[in-house]
Structure formats: structure tokens, C-alpha cells
2 protein chains.
Amino acid sequence: MSDAEKPRQARRAPAGAAVLQKDVTLAIQAAVFTELAKHGYGRLSIEAVARRAGVGKTAIYRRWSSKLQMVLEVVSAAAVKVMPVPDTGTLSGDIRELLDAGAQAMRHPLASQIVPDLLAEASRNPDIAETLENALRETQQGVSAVMIKNAVERGDLPADTDAELAFDMVFGPLYWRVAVTRSPVSNDYLDRLAEGATAALIGAHGPAAHSGG
Amino acid sequence: MSDAEKPRQARRAPAGAAVLQKDVTLAIQAAVFTELAKHGYGRLSIEAVARRAGVGKTAIYRRWSSKLQMVLEVVSAAAVKVMPVPDTGTLSGDIRELLDAGAQAMRHPLASQIVPDLLAEASRNPDIAETLENALRETQQGVSAVMIKNAVERGDLPADTDAELAFDMVFGPLYWRVAVTRSPVSNDYLDRLAEGATAALIGAHGPAAHSGG
DNA sequence: TCAGGACAGAACGCAACCGTATCGTCCCTA
DNA sequence: TAGGGACGATACGGTTGCGTTCTGTCCTGA
């Protein structure tokens with residue numbers, strides 16, 4: 001006997017209303033994250049999301065017109081968790097706090113699976129690329145700029161310090177370790193990384209440097 | 001008129017033999033790369049590879065039993081391009097050369113799309129993870145270990161320098177820039193990055209007093 | 001109160017792929 | 001030189017997902 005032959009009325013439980021229901025939206029959002037982590041954007045299917053969320057496909061199409069739009073909106077909404085600007089009084093302290101916050105974010109299994117996946121997808125999809133770019137800019141790039149500015153005002157760094165390079169040298173190794181080598185990120189490692197990054201920022205303006213180019 | 005309506009016999013051109021033909025294999029390998037770059041591993045289909053390579057699906061199934069095995073083998077074969085150990089006589093020179101080689105590799109559009117995609121997939125697929133891990137170890141990790149050893153022997157670095165951290169601090173920012181922020185990687189940027197990484201390695205061991213005195 | 005509309009569920013036709021099988025051709029090795 | 005087998009092509013049934021449409025239920029705002 002197939003599913004289609006079962007009595008129909010018996011299986012229906014809840015119902016709807018004349019307004020989009022928040023709990024349905026929440027269930028869909030959660031399902032999107034889980035499915036993204038489990039299968040990636042490429043293999044994400046509306047049907048699987050609906051199945052996991054326990055909703056009908058219509059509930060999804062009523063909210064978003066496509067898989068892309070759905071993912072972009074759900075991801076954007078989640079990305080607005082603003083990162084606080086560290087202010088420990090020293091450059092190395094600030095960097096250490098920034099690294100800690102970054103490591104904590106990347107330790108989330110959802111994030112550590114979904115973010116690399118979407119980044120890979122971004123190379124084929126300009127909309128995804130733009131969304132991620134904005135998320136990155138809004139959350140972290142400004143933070144490190146402020147951090148550099150504070151350090152400059154304290155006299156810890158020269159005024160022409162390259163904030164962009166600083167940003168790369170703080171988050172690059174961390175992301176590399178989490179996403180590429182998949183090695184564990186211990187507090188001790190973060191200590192050493194912070195130390196190295198601090199030295200890099202200070203030392204990059206050594207003897208031959210200062211081209212400013 | 002669609003292709004499917006053309007007379008069937010007229011389109012057959014080549015034929016086969018009693019041995020796997022190298023040019024067919026090469027065509028398939030190239031198609032795998034192109035399809036991987038275009039659609040990612042998740043959306044890679046055997047049929048599309050066969051179509052692009054201009055071969056029948058049988059030619060593929062005769063060589064590999066599954067999409068996973070096919071991709072792993074093709075990618076592994078391509079990853080054996082060994083990176084020469086830089087030996088410029090100075091640590092910063094070696095780092096600069098390593099960065100240059102890395103940047104050149106990542107500038108290839110195929111690589112810069114396929115590698116992040118497979119890395120994302122690796123978080124769901126242990127076989128892919130292992131393959132990439134091996135490729136990374138064989139090509140670059142040993143290189144940077146030798147580089148550090150040379151620097152230690154020259155007296156440029158203390159004997160207890162953390163090679164792992166060094167590795168992360170050299171390639172991390174580069175990969176971050178290419179794969180995450182998608183910013184251009186100029187020679188000038190590589191110069192500054194090499195400078196910073198060098199300072200990080202030297203300065204990570206003790207108070208960052210260097211450069212000036 | 002009451003009607004509009006969101007709801008879950010089911011089914012639709014269509015398309016893409018899966019992995020396998022079969023065909024006739026023709027190359028390559030023994 | 002003989003024949004085994006790789007070759008491209010095609011077809012197969014099965015699966016999955018697409019986006020749409022319909023149904024009957026029942027919530028909710030006006």
C-alpha cells in the first residue's frame with residue numbers, strides 16, 4: 001500500500017491563518033541552516049527544507065521566490081550579529097580578543113560548514129558574493145579598522161599602518177586553520193597567533209619598509 | 001530543430017579499442033575540472049562530464065565506479081605538482097618566493113574555484129578531506145618545514161620556532177585574501193605580506209623589539 | 001462575527017540524472 | 001591476422017526535484 005492511498009483527513013494536524021506565521025518562518029529558517037550544513041548550497045532542495053521544517057512547499061514559495069533568495073535572506077538575517085570592538089588598552093590584547101571572538105564564531109559547526117560552502121558558491125554566484133561581502137564588511141572589517149585606529153592613537157602603531165594587511169594577517173591564519181587544515185584551535189594557539197600578528201603589524205614597518213605603495 | 005532530431009548514424013565518428021584510450025581519459029579529466037569549476041562538486045553530474053568530454057557515459061563508468069572516486073583520482077593526479085623549496089639565503093626572501101608560488105597557484109581560476117569548493121565538501125566527506133589533506137601535506141607543508149629548518153640553521157630563527165604557526169601565518173592571509181575577501185593579490189601586497197610574516201616569525205619569540213634596535 | 005488567506009498535503013507534468021544494458025563499429029594487442 | 005574489448009550512441013526504468021495547482025481546514029484581523 002502506498003502513502004497516497006492513506007486517508008487524507010486523518011493525517012492533517014495544524015492549520016494556517018491570513019498572515020504569515022512566525023513559527024512557520026522560524027522552522028523554515030532553521031531547516032535552511034541544517035540543510036545547508038548537511039548538503040551544501042548546491043544540493044539544497046526546497047523539498048528537503050520543507051520536509052525538515054515540517055511545512056508544505058507552498059509555505060516556502062509564499063515567502064521567497066527562489067532557493068537563492070531564500071538562502072540569501074536567511075543568511076543575511078543571521079549575519080547581523082555584530083562583533084563588539086575590543087578595547088583592552090594594548091594592541092596585542094585587542095588582537096587576542098578579536099581572535100577569540102573569531103575562533104568562537106568559527107567553532108560553531110553550522111558556521112564552519114556553511115560559510116566555506118557559501119564562499120565557494122560565491123565564486124559562481126555574484127549575488128551570494130555580494131551578500132557575504134557585505135556581511136563581512138559590516139561585522140568585522142570595521143572592527144579591525146577601529147582597533148588599528150586606537151593603536152595608532154596610543155602610539156603603538158605608526159599612522160600609516162596598513163589596516164587591510166592587518167585584517168588579513170589576523171583572520172587569515174585563523175580561517176586557514178579552521179577551514180583548510182581543519183586543525184584544532186586551542187587557546188594556546190590563539191595566544192601564539194596573536195603574538196605573531198602583533199609582531200607582524202609592528203615589524204612590517206621596519207627598516208626597508210614604509211613604501212606605503 | 002534540436003540535436004536529437006538529427007540522423008543518428010551520421011553522427012558517429014570514432015570508435016574504440018581493447019584498451020583504455022589515453023586521449024579519452026584526458027578529455028574526461030579536463031571535463032571534470034571544467035565542470036567542477038562551473039558547478040561545484042555537489043552539482044557535478046556524470047552525464048555533464050561525458051557530454052563536455054564528448055564521450056559516452058560508459059567510458060567513464062569503465063574507469064571509475066562513482067563520481068566521488070572519479071573526482072578524487074583526477075584531483076589527486078593534478079595535485080602532485082611539487083613545489084620547489086625556495087633557497088634565497090634569507091628568511092624573508094624564502095617567504096616571498098613561497099608566497100609568490102602560492103599566489104600563482106591560486107590565481108588560476110580553476111584552482112581558485114575548485115579548491116574552496118572541495119574544501120567545503122570535505123567537511124561532509126571524509127574521503128575528500130583525506131585526499132586534500134594529503135595533497136596539502138605533500139606539496140607545501142614539507143616545504144615550509146624545510147624553509148624554517150634552513151632559517152634556524154642560518155641563525156635567522158630560534159631553534160624552537162613553531163613551524164606550524166609559521167605555515168599558517170604565511171599561507172593563511174594569502175588564502176583568506178583570495179578565497180574569502182576575493183581581493184586582488186598584487187606583487188606589492190605580497191611584498192608587504194612577506195614582510196609581515198617574517199616579522200611575525202621573528203617577533204613571535206619574545207618582546208617585539210627588533211628592526212630599530 | 002466572518003471572510004480572506006495561510007496552512008499541510010497531495011498531485012501534476014516536466015526535466016535532469018542515475019546506473020545499466022545493448023548495439024554496431026573498429027582499434028589494438030597477442 | 002583474429003577477436004576481445006573500448007568506443008559513442010541510445011534506450012531503459014527509477015528517483016529526485018522543480019514550480020504550480022487544488023483541496024479542505026481553520027486561524028486571525030477587521
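As the structure is a computational prediction, the values presented were derived from the model and not from experiment. So that the names make sense, note that chain A is the first sequence line, chain B the second, and so on, each numbered from 1.
Under 4.0 angstrom from either OP1 or OP2 of D:dG5 there lies no side-chain N or O belonging to B:Q21. For the OP1/OP2 pair of C:dT20 and a distance below 4.0 Å, the side-chain nitrogens and oxygens of B:R62 include no atom meeting the criterion.
Taking atom CG of A:L20 as the reference point, atom C1' of D:dG29 lies 14 Å away to the nearest angstrom. Counting to the nearest Å, the P atom of D:dG29 and the NZ atom of A:K22 are 12 Å from each other. Nucleotide D:dC7 holds its P atom 12 Å from the CG atom of B:L26, rounded to whole Å. Separating the CG atom of A:L68 from the C1' atom of D:dG19 is a distance of 16 Å, rounded to the nearest angstrom. Summarising the geometry, the separation between CG on A:D23 and P on D:dC26 is reported as 16 Å, rounded to the nearest angstrom. Atom CD in B:Q69 sits about 12 Å away from atom P in C:dG19, given to the nearest Å. For B:L44 and C:dA16, the CG to P distance is 16 Å, given to the nearest whole Å. With rounding to whole Å, B:M70 atom CE is found 13 Å from C:dC17 atom P.
Nearest to the side chain of B:Y61, among D:dC18, C:dC7, C:dT20, sits C:dT20. Here the nucleotide nearest the side chain of A:R63, chosen from C:dC7, D:dC18, D:dG8, is C:dC7. The side chain of A:I46 lies closest to D:dC18, out of D:dC22, D:dC7, D:dC18. Closest to the side chain of A:V19, from the set D:dC18, D:dG29, C:dC18, is D:dG29.
For residues 84-102 of chain A, every residue pair satisfying the side-chain hydrogen bond (donor to acceptor under 3.5 Å, both in side chains) rule, not counting sequence neighbours, is listed here: A:T88-A:D94, A:R96-A:D100, A:R96-A:D191.
Shown for residues 47-57 of chain B: residues whose heavy atoms fall under 4.0 angstrom of DNA chain D, namely B:G54, B:V55, B:G56.
Crowding of B:Q69 atom CD: a count of heavy atoms from other residues, nucleotides or ligands under 6.0 Å exceeding 12.
Salt bridge absent: B:R182 and A:E133 never bring a charged side-chain N and a carboxylate O closer than 4.0 Å.
Cation-pi check for B:K67 over B:Y41 is met; the charged atom lies under 6.0 angstrom from the ring centroid and within 45 degrees of its normal.
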A:E164 and B:R177: salt bridge (Lys or Arg N to Asp or Glu O under 4.0 Å), yes or no, with the steps? CA-CA 10 Å; A:E164 200 180 25; B:R177 196 168 180 84; 3.3 Å; yes

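Within the nucleic acid shown, A:R43 has no heavy atom closer than 4.0 Å to any nucleic acid atom.
Between the side chains of B:T25 and B:R63, at least one donor N or O lies within less than 3.5 Å of an accepting N or O.
Residues that satisfy the side-chain hydrogen bond (donor to acceptor under 3.5 Å, both in side chains) test with B:R124, not counting sequence neighbours, are A:D117, B:E121.
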